[in-house]
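Numbers restart at 1 for each chain; the letters A, B, ... are given by sequence-line order, proteins then strands.
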Amino acid sequence: MSGLSWLIQVIEVLVALLAAPLFSGWIAQCRAVLQNRTPPSIWVPYRNIRKLLIKEAVLAEHASPLFRTAPYIVFGTMICAAAIVPSMGTNLPFSNAADAIALVGLLATARVFMALAAMDVGTAFGSLGARREMMVGFLAEPALLIVIFVASLISQSTALPTIADRLATEAFALYPALAFTAVAFALVLLAENARLPVDNPATHLELTMIHEAMLLEYSARHLALMEWSAALKLFNYACIGMALFVPWGAATTAMPTVPALLVAIPILALKLLVSGAVLATAETAFAKLRVFRVPELLATAFLLAVLGLLVHLLLQG
Amino acid sequence: MSTLPLDLQVLNAIAALFLLLAFGMLSQRRVVTLVKLLALQAALLCAATLLLAWRTGETHLYLSALLTLLLKVLFLPWLLNRLIRRLGVYWDSEPLLQISGTMLVGLLLVIFSFGLAQPIVALASTATRSGIAIAIAVVLLSFLTMITRRKAMSQVVGFLSMENGLFFGAMSATYGMPMIVELGVALDVLVAMLVLGVFFFQIRERFDSLDLHHLESLREDQ
């Protein structure tokens, strides 16, 4: 561990911070094209954040300190997660800080604080959104954990960088278990990031909304942080998915650091472009589910993940 | 971590898809889709048999694959689709258990068959022995499909899928049954299907519905 690897670690976090709004903008663009609308500029999320940062923050009269600190906590958690997820390289100082299970716990912490903040002011919408978020969370989390367990069983480590490292460097092999869990992970990603079949990120006045309902009371810099962390969360999830299922191209332990990194960044950009387009296509193809049907979707995700686990165990025997 | 040769990996992938299709059937309420899944399952069985024939060089497996293709991939789905059109049954009525509950039972069945197959797998010497557990699971899942459905049509699809599972098991355990047994089973399935087709019409004429629920009660008024 030299100073160089710390520098790369910092670059990784900065790239995540800066690329996350762009990724959201790219998905919005793809969706607009698929729906025959004129695509908005890819910089819209940035402009949004800048606009919100300039404005003066307004707080509800009964807001407790928790309400004010929650955006910073959520944002901090997401940055921390971005440092752990091996988006560019697997041999970085922060990668030893937490394994994948701790990462899931980190994401859960962010969710808990968001839900608490949403309930803090005591509006009906806030607590409705919080309750729904917790419902989605408690169904999606086991599925996500089992997805990670399958990858851990295959690579015999629960640390995300080690998993990515093993899968990227070993000889090519077909893993039906990983194919199942990839589908399960995609469903979890859609549910956790308030994407279309579960929640519609584009609407406000809809009784079925989840994520937006929790943010209704926020304004200005707090809202900017919340939106930025939502974009970061999506970016992190995409990077977790890439680390588990398409780890090729990221800098691994076997390679020299700087040239590998120069290759890793364009490859990461390419993967993000493709996965954003795929995500937008999936969202356009799905219809919004009723809230009461969401457990069915997540049960399917859980089923696929467990099936992947079982198939792995069956076929190893 | 042991690395298998590529053809065995493909066989394993087919086995995994086979299991997934059994779950798909368990969750599917539309009879037409059920028949499509059945045809797909048979096609997978055919592909697995071909691959195994190529790997082991056993000629009777080629014949078996051909039989599977003609009978189970082409003829039976065609027959079933014709029956569905003529009888006008497109949906199964409400299943007896909730879908998600059935799925959980299905998962438990897979775990159970894993335990069940372990001693057999330990004794078997074929390269494809890991498919045995999956075959047992598919048989049990198809059985579950039959149990949780009311309509005669879905039950027949479950029955045929069970037969597919049995073939897969035989293939994984001993590289296929003797040709004479295989021919006999194929003929039996064909005849059973034809007889059941006649049965459907009889049931419908008698009860105005294909719901097997009606068969459970005595009809004193006649």
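Residue with the most contacts toward chain A among B:Leu104, B:Val10, B:Leu107: B:Leu107 (heavy-atom pairs, distance under 4.5 Å).
Between A:Leu310 and the choices B:Val110, B:Ile134, B:Leu19, the side chain to side chain contact (heavy atoms under 4.5 Å, CB included) rule is met once, by B:Val110.
For B:Phe143, the CZ atom is loosely surrounded, since the number of other residues' heavy atoms within 6.0 Å does not exceed 12. Applying the 6.0 Å contact sphere to CZ of B:Phe75 captures more than 12 heavy atoms from other residues, nucleotides or ligands. Heavy-atom contacts from other residues, nucleotides or ligands closer than 6.0 Å to CZ of A:Phe245 number more than 12.
Atom CG of A:Leu313 sits about 9.5 Å away from atom CD1 of B:Ile111, to the nearest 0.5 Å.
Residues A:Phe180 and B:Leu20 share a closest heavy-atom pair of CZ-CB, 3.7 Å. Heavy-atom minimum distance, B:Ala16 versus A:Val311: CB-CG1, 3.7 Å.
Under the side chain to side chain contact (heavy atoms under 4.5 Å, CB included) criterion, B:Asn164 pairs with B:Phe18, B:Leu38, B:Gln41, B:Ala42, B:Leu45, B:Lys72, sequence neighbours left out.
Listed in order of number, the residues of residues 296-308 of chain A that approach chain B to under 4.5 Å between heavy atoms are A:Leu303, A:Leu304, A:Val306, A:Leu307.
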